[in-house]
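Inspection log for the structure reproduced underneath, given as structure tokens.
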Amino acid sequence: MATDQPGIFTISLDLELAWGFLDRPELGSYEANLRGGRAAIPALLDLFATYDVHATWATVGLLMYQDRQDLLDHVPPDAPTYADPALDAYRHVRSHDDLDPELHLAPDLIERILAVPGQEIGSHTHCHYYGLEPGQTRTQFRADLEAAASLARRRNLTLTSLVFPRNQCNPDYLELLTAAGVTCYRGNERSRLYRAAAGKDQRRWMRAARLLDAYLPLTGHNTHDPSELARCRPYDVPASRFLRPAPSHAAWLEPLRRRRITRAMTHAAHRGRLFHLWWHPHNFGRDTERNLAFLATILEHFARLHRDLGMLSLNMHEVAVELDRRR
């Protein structure tokens, strides 16, 4: 189907390091992945620069502090009161006398990301806030948004894009984003397999189906019509595909995973739709070279679509600007 509007290729990365694992018993065994993911970030930036690909780095605010005391000095008064205290990042900080800079602090990485053209620092909330977990409140989420915005101003940043941690997109909180200066957020894939849910409501069969969907088209291309996205602010810039890490013992599946992604990108390019790829840097923390090589094939495919069909690479903020233009 021909269109007079170019397709859009969007990438977002959830930069959280250890803040996304405080409640997970596997943090200790996953530490090497987190350190490897941090080390992979310069190589990711090099790939984005090589292919002129723009990306949003949705960053947990706590990563931007210089040290533990700096962080403690800026804990919002209305901190989240989760029913599960293991989710509380501030509790973790108070109960640990020091923080491993490689796992909890990354102001140097923020500067490195911003030095590459087309890269945006977005918000992954201030404290990796879980918007659907029992115990937390709307008032506490507003306080988290305000803390993230205040911290960003201290760093001469403006946060206009947001990704909900663990994709816990709470529809009751969306109206709060605009007051905090957020113009767009990453919504979930449209299939019920990807519906937002608290941790206790995540079903094992759904995780298995999502894994299968990475290789076989269970849920279709998951591309999105920008004219529909432009109807409501803040804009939902929905996910299309999670870039899973390369499987260690099933290399024969990689052509299926690649085709699943590239066919959807081609669909978007031909029809003037949006394709949104996302992952975490720590997904590249193991088998880093294989994961980078796989990503390079995806970016090469984008380069062909850009050359032949005019497909655009836009970060989430740039998508919001484009949607403003189309309103």
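For the numbers below, each heavy atom of this structure counts, side chains included, while hydrogens, waters and symmetry mates do not.
Listed by chain and residue number, F302 satisfy the ring-ring contact (aromatic ring centres under 6.0 Å, His included) test with H306 (two or more places apart in sequence, or in another chain).
Taking both residues in full, the closest heavy atoms of R190 and P238 are given as NH2-CG, 3.3 Å, listed atom of the first, atom of the second, then distance. When all heavy atoms of L159 and A149 are compared, the closest pair comes out as CD1-N, 4.5 Å.
Residues Y130 and H128 bring their aromatic ring centres within 6.0 Å. Proximity of the aromatic rings of W279 and F242 is defined here by a centroid distance below 6.0 angstrom, and this criterion is not met. Between H126 and Y65, the ring centre distance stays below 6.0 Å. Ring centroids of F9 and H276 are separated by 6.0 Å or more, keeping the two rings apart.
Remark: the E189 side chain and the T219 side chain contain no N/O donor-acceptor pair separated by less than 3.5 Å. Between the side chains of R186 and N167, at least one donor N or O sits under 3.5 Å from an acceptor N or O.
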| message | One pair to check against salt bridge (Lys or Arg N to Asp or Glu O under 4.0 Å): D73 and R68. What are the steps and the verdict? | response | CA-CA 9 Å; D73 288 343; R68 177 177 179 270; over 6 Å; no
Please evaluate residues R91 and D88 with respect to the criterion salt bridge (Lys or Arg N to Asp or Glu O under 4.0 Å), reporting the C-alpha separation (whole Å), side-chain torsions for both, the decisive distance (0.1 Å), and the verdict.
CA-CA 5 Å; R91 173 179 174 269; D88 185 356; over 6 Å; no
Candidate pair H104 and H92, rule ring-ring contact (aromatic ring centres under 6.0 Å, His included), full reasoning:
CA-CA 11 Å; H104 296 95; H92 177 85; 5.5 Å; yes
*Q119 vs L45, side-chain contact (heavy atoms from CB on, under 4.5 Å): CA-CA, chis, key distance, verdict*: CA-CA 9 Å; Q119 308 308 298; L45 291 169; 4.1 Å; yes
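If you chain together hydrophobic residues whose side chains sit under 4.5 Å apart, L145 and L151 never meet in one group. Taken together through direct or relayed side-chain contacts under 4.5 Å among Ile, Leu, Val, Met, Phe, Trp and Tyr, L22 and Y82 form parts of separate hydrophobic clusters.
Using a distance-only test at 3.5 Å, with no hydrogens or angles considered, a donor-acceptor pair links the side chain of T266 to the main chain of T262. Side-chain N or O atoms of N315 include one that pairs as donor or acceptor with a backbone N or O of G118 at under 3.5 Å.
Taking the ring centre of Y215 as origin, the terminal cationic atom of R260 falls outside the region bounded by 6.0 Å and 45° from the ring axis.
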